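Notes to accompany the following structure.
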Amino acid sequence: MVAKKMWCLTIRIKKNDQVKGKRLYNVILDYLMDAGISGATVENAVDGFGRRGKSTLHIEGISINYPLVIEVVEEPEKLLPLLPEIKRMVDDNGVMTYQEVFML
């Protein structure tokens, strides 16, 4: 089995974060799709905390501003040029990490 070297971009934001009146996660997904990225996954987190405080998902009633994780695995040549614009979108609303991974 040969593993292919790729890069993984992970973005941690909150559900209610917005850019120009649109949900940030939707803006990021649209940007990635328009740029020809192979795929991205948005995951709901149940609980978390960070510089802007605690965020929790309440199953029984109203959903609060819970954490989201967006993950993209792509070739660095396609992903690297997009990072400055994604960072501008995320700004101080979240954290971005970028690491080498191996796809099987």
Side-chain angles (χ1 to χ4, degrees):
M1 180 182 324
V2 177
K4 184 175 182 180
K5 190 186 299 187
M6 303 284 274
W7 286 87
C8 178
L9 171 64
T10 304
I11 305 166
R12 290 171 175 82
I13 57 175
K14 289 186 180 180
K15 176 185 171 258
N16 294 337
D17 290 340
Q18 295 190 359
V19 171
K20 298 180 182 177
K22 288 183 68 180
R23 294 277 167 104
L24 177 57
Y25 70 92
N26 284 325
V27 172
I28 293 171
L29 288 180
D30 289 346
Y31 181 71
L32 293 168
M33 286 177 60
D34 291 345
I37 295 301
S38 301
T41 303
V42 179
E43 300 175 48
N44 292 332
V46 175
D47 206 349
F49 71 93
R51 189 179 68 228
R52 294 183 299 147
K54 190 166 174 48
S55 44
T56 304
L57 171 65
H58 293 278
I59 305 287
E60 312 83 43
I62 302 169
S63 64
I64 305 299
N65 194 18
Y66 53 84
L68 294 177
V69 176
I70 302 171
E71 192 167 80
V72 181
V73 176
E74 186 59 84
E75 297 172 353
E77 300 79 29
K78 291 175 88 175
L79 201 50
L80 277 173
L82 307 179
L83 294 181
E85 180 62 18
I86 296 171
K87 178 58 182 158
R88 187 194 63 71
M89 288 184 232
V90 171
D91 196 30
D92 288 337
N93 288 318
V95 174
M96 293 172 47
T97 60
Y98 191 62
Q99 61 190 357
E100 187 176 57
V101 295
F102 294 91
M103 188 170 72
L104 302 175

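What you see is a predicted model; the values in this text were computed from it and never measured. We number each residue from 1, following the sequence as shown. Just so you know, these numbers use all the heavy atoms, side chains as well, and skip hydrogens, waters and symmetry mates.
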Inter-residue atom distance [X].[atom1] - [Y].[atom2], 0.5 Å rounding:
| X | Y | atom1 | atom2 | value |
| --- | --- | --- | --- | --- |
| Ser38 | Lys78 | OG | NZ | 4.0 Å |
| Arg12 | Asn93 | CZ | CG | 15.5 Å |
| Met89 | Tyr25 | CE | OH | 15.5 Å |
| Lys5 | Phe102 | NZ | CZ | 5.5 Å |
| Lys4 | Leu104 | NZ | CG | 12.5 Å |
| Trp7 | Glu75 | CH2 | CD | 13.5 Å |

Given side chains that start at C-beta, do those of [X] and [Y] come closer than 4.5 Å, heavy atoms only?
| X | Y | result |
| --- | --- | --- |
| Tyr98 | Leu80 | yes |
| Lys14 | Tyr66 | no |
| Asp17 | Arg23 | no |
| Glu74 | Leu32 | no |
| Val19 | Asp91 | no |
| Leu24 | Ile11 | no |

Open item on the list: On a heavy-atom basis, which atom in Pro76 and which in Pro81 lie closest, and how many Å separate them?
Closed with: O-CD, 4.0 Å
Open item on the list: Restricting to non-hydrogen atoms, name the atom on Gly94 and the atom on Ile13 that form the minimum distance, rounded to 0.1 Å.
Closed with: CA-CG2, 4.2 Å
TODO: Could you identify which residues cluster with Val73, counting Ile, Leu, Val, Met, Phe, Trp and Tyr as linked when any side-chain heavy atoms lie under 4.5 Å apart, either directly or through a chain of such contacts?
DONE: Met6, Val101, Met103
Open item on the list: Can a side-chain donor-acceptor contact be found between Thr41 and Glu71 if the only test is distance below 3.5 angstrom?
Closed with: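 No donor-acceptor contact under 3.5 Å links the two side chains.
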Task: Residue from Ile86, Ile37, Thr97 passing side chain to side chain contact (heavy atoms under 4.5 Å, CB included) with Leu9 - done: Ile86
Hydrophobic clusters here meaning ILVMFWY residues chained together by side-chain heavy-atom distances under 4.5 Å, can you tell me if [X] and [Y] are in one?
| X | Y | result |
| --- | --- | --- |
| Val72 | Leu83 | yes |
| Met96 | Leu82 | yes |
| Val42 | Val69 | no |

- [ ] Test Lys20 against Val27 for side chain to side chain contact (heavy atoms under 4.5 Å, CB included), laying out the working first.
- [x] CA-CA 9 Å; Lys20 298 180 182 177; Val27 172; over 6 Å; no
Task: Residues in side chain to side chain donor-acceptor pair (under 3.5 Å) contact with Thr10, at least two apart in sequence or another chain - done: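 For Thr10, no residue satisfies side chain to side chain donor-acceptor pair (under 3.5 Å) once neighbours in sequence are set aside.
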